Structure formats: structure tokens, C-alpha cells
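Here the structure is laid out as C-alpha cells; the discussion comes afterwards.
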Amino acid sequence: MLQPTTATAGPPISSTAEDTELSPSDASLVERVRAGDADAFATLYDRYARRAYTVALSVCQDDGRAQEAVQDAFLSLWRSSATYQPERGSLAAWLLTGVRHRAIDLMRRNAKHVAHRADEGQLDRVAGPDDLAARTIRREGEARLRASLRSLPAAQQEVIELAFYAELSHREIAAQLGLPSGTVKGRMRLGLGRLRNALGAHAGAVP
Amino acid sequence: MTISDLMFEQSDCGQDAAAYVLGALEDEEAATFRQHMATCALCREEVAVLQLTADALPAAVPQLAAPRQIKRRVMSAVREDAKSARRTARRRRLLAPSRPALAVGAAVAAAAVAVGGFELASGGRAGSRLIQASVTAPSASAVLRLSDGHGELVLRRMPAPSSGRIYEVWLKRAGRQPSPTNTLFSVTSRGSAAVDVPGNLKGVAEILVTPEPLGGSLVPTHSPVIVAQLAST
């Protein structure tokens with residue numbers, strides 16, 4: 001039976017404080033944040049920071065701007081929590097969509113100053129020629145994948161990034177964007193199909 | 001076109017395969033879909049094809065923990081805001097009750113947005129009030145001036161709406177969806193605007209501003225970027 005898998009790269013990620021029976025719900029934490037409770041806010045930060053950073057990186061591909069987008073979004077949660085309306089959707093969707101919007105705004109504002117990814121300069125300086133060649137091929141594949149994502153229609157790119165990098169469900173995405181669930185799933189299907197065709201045009205393009 | 005392409009294009013077995021491989025189905029939906037796949041070769045094939053693509057997505061973005069310095073900066077600002085709000089609350093308790101609080105510092109603004117709106121002043125012309133609104137943009141401010149049941153929204157350092165969008169004003173009554181107005185606006189290069197809120201505000205619980213497509217919308221397409229809460233007038 002096939003199951004969705006998520007490969008990871010980089011150092012192990014410490015587990016976030018996911019909502020369990022023993023940890024307070026998002027709704028109760030937001031109420032405390034509205035009353036000025038900094039500790040409640042810290043709990044929400046720990047709960048969503050990783051996903052926020054990942055979705056920001058998926059847009060910015062630059063560590064500095066991704067950090068700025070995450071910082072702005074969480075400060076907005078602290079200073080303007082009243083603008084979050086629970087009846088419109090989950091806190092995760094509100095927050096992580098906000099991160100993505102801020103990341104897009106930052107990229108547009110700085111369109112002339114494209115920065116390289118933070119890890120571009122972190123090559124092992126003592127790597128031998130074979131390691132370097134393999135790493136170069138992998139980076140080229142990653143760049144093709146990112147270019148293919150960027151080439152998707154904005155609506156398809158948005159739902160794929162919110163689903164995969166922000167880890168939102170189709171229902172959360174639909175509620176946040178004000179769309180029917182079927183439309184969101186349809187955009188996912190079309191977007192993944194285009195991505196498959198774009199990557200399939202390059203033999204061995206998948207790193 | 002390969003057989004897989006044909007099957008992909010012609011499949012009308014449901015839209016769930018892509019959502020499934022992206023991990024976007026709810027737990028129960030995923031379980032139901034897996035049961036369906038046991039009897040549906042088309043869906044199994046579609047998942048197999050799309051899974052290869054989904055498995056490549058982590059390579060486009062590093063799966064890393066958020067850098068610690070983000071939390072340090074955010075919590076530093078949060079604790080400073082909380083400290084300032086406590087100081088301001090203590091100062092206000094010392095002021096005479098009839099004295100209007102017209103000077104708005106960052107601390108008052110922080111306390112105001114934390115509770116989603118705060119009356120700043122009343123007096124002057126009969127029935128006039130000033131209400132601090134909540135704003136999502138960190139450095140922006142919005143004040144609602146109310147007089148004789150009519151309002152004016154005054155904005156400072158508000159970011160311009162993104163390309164192809166314009167700000168729209170909504171009136172929300174308790175228990176109802178926001179009602180659109182014909183007030184569409186942008187801001188100056190400095191982020192300033194003075195916007196008339198149309199109509200009589202009697203019975204209005206909140207005034208909202210959202211970025212909408214040019215020409216405005218009948219239903220909000222974005223969460224509010226400004227919220228002014230007011231008691232029923």
C-alpha cells in the first residue's frame with residue numbers, strides 16, 4: 001500500500017510541540033496572547049516556527065529574507081491577533097499563509113537584489129573532485145526543480161507550497177483562501193502533473 | 001504521450017491522488033483513499049506517478065529547524081511590548097478618568113492591537129470618538145474617527161496593496177458576514193490615507209479592511225489587514 005513520504009535533508013529537526021491532549025489548543029493560546037501572555041505566544045512560536053521557516057524558504061530561497069518573513073508574521077500574530085478569526089479557518093493556515101504572503105512581498109520588493117541561498121557557500125573546502133562533481137550535479141537538479149516550481153501558475157504553486165512545505169490540509173488551505181476544497185485539490189493535481197512533466201523532460205533531473 | 005500521461009489526463013476517479021501524495025488529506029480521508037486504491041488500478045497508477053514528483057519536493061527547500069536567532073529577536077520584541085503595555089497601563093490608572101488619551105505611543109498601540117481595538121478619546125464635538133484599530137503590518141497604525149454615527153479611517157505607514165490589488169472597506173454587524181462598501185483605496189508613497197467610511201455606522205460591530213482584486217469584491221478574498229472594533233452606535 002502506497003504511503004506519502006517526506007524525505008528530509010540537513011540536520012535532524014527537533015520535534016515541535018504538536019497539539020496533544022497534554023498541550024493547550026491553538027484557540028486557548030490565542031486567547032492568552034490577546035491578553036498579552038508572552039509565554040503563550042512562545043508556545044505558539046515553538047509549535048509553528050519550523051513549518052513557517054520551511055514555507056518562507058520555499059518562496060524566498062534566501063535565508064535572510066525567509067527569517068524576516070517568519071519574524072514579521074509571528075510579530076503580527078502578537079500585535080494583531082484580533083485579525084485572526086477562528087470561524088474562517090485554523091490558526092496554522094492563517095499564520096502560515098501570512099508567512100508565505102510576506103515572503104512573496106519581500107521577494108517582490110527586492111526583485112533586483114537576488115541573493116543566493118545561504119548554503120551555496122558552505123561547500124566542504126577539502127572535497128575531492130568526485131565529491132564536487134556529484135554535489136554540482138545535485139545542485140543543478142535542485143535548481144531545475146526550484147525553477148520548475150517557480151514556473152507553475154501562481155494558483156497551483158501556492159497550493160502545493162502550502163500543502164507540502166507549510167503542511168496544511170486541503171481543507172485548511174481551502175478555508176484560508178476562500179475556495180472550494182475541490183478547487184484546491186484540482187490545482188494540486190494540475191500543478192503536480194506539470195511539475196512531473198517539467199522534471200521528466202530532464203533525465204535524472206530529480207536530485 | 002505515455003500510457004501514464006493518458007491515464008492521468010483521462011482519470012476522473014477523484015482529485016484525491018495529488019492531495020494524498022502531498023500529505024494534504026485529513027487522516028480519515030487518507031485512510032478512505034487507501035482503501036479505495038486497493039480496488040482501483042487507475043488511482044494506484046496515478047499515486048505511483050505523482051509520488052515520484054512529490055518525493056523530489058524536499059530537495060527544493062531544505063528541511064531545517066528555524067534558526068534560533070528568529071525566536072530570540074521575536075521574543076525580545078514581544079517581552080518589550082508586554083513590559084511597555086504594563087507600564088502604560090500603570091500610567092493610565094494614575095490619570096484622571098476624564099482626561100483624554102490623545103498621545104498614542106508604541107506601547108499603547110501594542111496594548112491596543114493585542115485586544116483588537118481600543119478607544120483612545122472621546123469628547124470635543126458631541127459624540128466624537130477615536131478608536132485605535134488593529135493592523136497586521138508591524139509598523140503601520142490606523143485610527144477610526146467617529147462622529148455623529150459616521151467614520152473616517154486615518155492610516156499611517158500602511159504598506160501599499162500588492163500589484164493588482166486595492167484596499168476595500170467592509171462593515172460587519174454581529175452574527176453576519178462582512179458587507180462590502182464602495183470604498184476602495186490605496187495609500188500615498190508614505191503609507192498615509194484618510195478614508196471616509198460610508199453609511200451610518202449604527203449597529204456596526206467592526207470595520208474591516210482587506211486587499212481585494214481591482215474593482216473590489218462582494219465577498220472578502222483575504223483576511224483583514226485592519227480591524228476596528230466599536231460598540232454599537
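We use all heavy atoms of the structure for the numbers below, so side chains are in, but hydrogens, waters and symmetry mates are not. Letters go in sequence order (proteins before strands), and every chain restarts at 1. Predicted model only: the values in this text are computed from it and were never measured.
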When rounded to the nearest 0.5 Å, the distance separating CG of B:Leu22 from CG of A:Leu168 is 11.5 Å
Does the side chain of A:Leu75 reach to within under 4.5 Å of the side chain of B:Val78, using non-hydrogen atoms?
yes
Does B:Gln69 CD have over 12 foreign heavy atoms under 6.0 Å away?
yes
A:Gly182, A:Ala73, A:Ala38: which one forms the most heavy-atom pairs within less than 4.5 Å of chain B?
A:Ala38
When B:Ser162, B:Pro224, B:Ala137 are compared by non-hydrogen pairs under 4.5 Å with chain A, the top option
B:Pro224
Is there side-chain contact between A:Phe41 and B:Val74, with heavy atoms separated by less than 4.5 Å?
yes
Using a 4.5 Å cut-off on heavy atoms from C-beta on, say whether the side chain of A:Arg88 contacts that of B:Pro220.
yes
State which residue, out of A:Leu57, A:Leu149, A:Leu145, fulfils the side-chain contact (heavy atoms from CB on, under 4.5 Å) condition with B:Val61.
A:Leu57
Applying a strict 4.5 Å limit to non-hydrogen atoms, the region of B:Pro159 in contact with chain A is neither
How close do A:Tyr45 and B:Ala66 get, counting heavy atoms only, and between which atoms?
OH-CB, 4.2 Å
Nearest 0.5 Å, please: how far is NZ in B:Lys71 from CD in A:Gln71?
14.0 Å
Distance check, rounded to the nearest 0.5 Å: A:Arg146 atom CZ versus B:Leu57 atom CG?
12.5 Å
Atom pair OG/CD of A:Ser181 and B:Glu26 - distance to nearest 0.5 Å:
8.5 Å
Once rounded to the nearest 0.5 Å, what's the spacing between atom CG of B:Leu52 and atom CG of A:Leu199?
10.5 Å
Shortest non-hydrogen pair, B:Leu64 vs A:Tyr53, comes out as O-CD2, 3.9 Å
Any side-chain to backbone donor/acceptor pair from A:Ser76 onto B:Thr136? Under 3.5 Å, distance only.
yes
Checking the side chain of A:Tyr84 only, and the main-chain atoms of B:Ser223 only, is there a donor and an acceptor separated by less than 3.5 Å?
no
A:Glu68 versus chain B, heavy atoms under 4.5 Å apart: side chain, backbone, both or neither?
neither
A:Ala163 versus B:Ala24, closest heavy-atom pair with distance:
CB-CB, 3.9 Å
Kindly indicate whether the side chain of B:Asp16, heavy atoms from C-beta on, has any atom under 4.5 Å from the side chain of A:Lys185.
yes
Separation between CE of B:Met75 and CH2 of A:Trp78, rounded to the nearest 0.5 Å:
7.5 Å
When only pairs under 4.5 Å are counted, which of A:Leu179, A:Asp37, A:Thr54, A:Ile104 shares the most heavy-atom pairs with chain B?
A:Thr54
What's the shortest heavy-atom distance between A:Arg50 and B:Ala65, and which atoms?
CG-CA, 4.5 Å
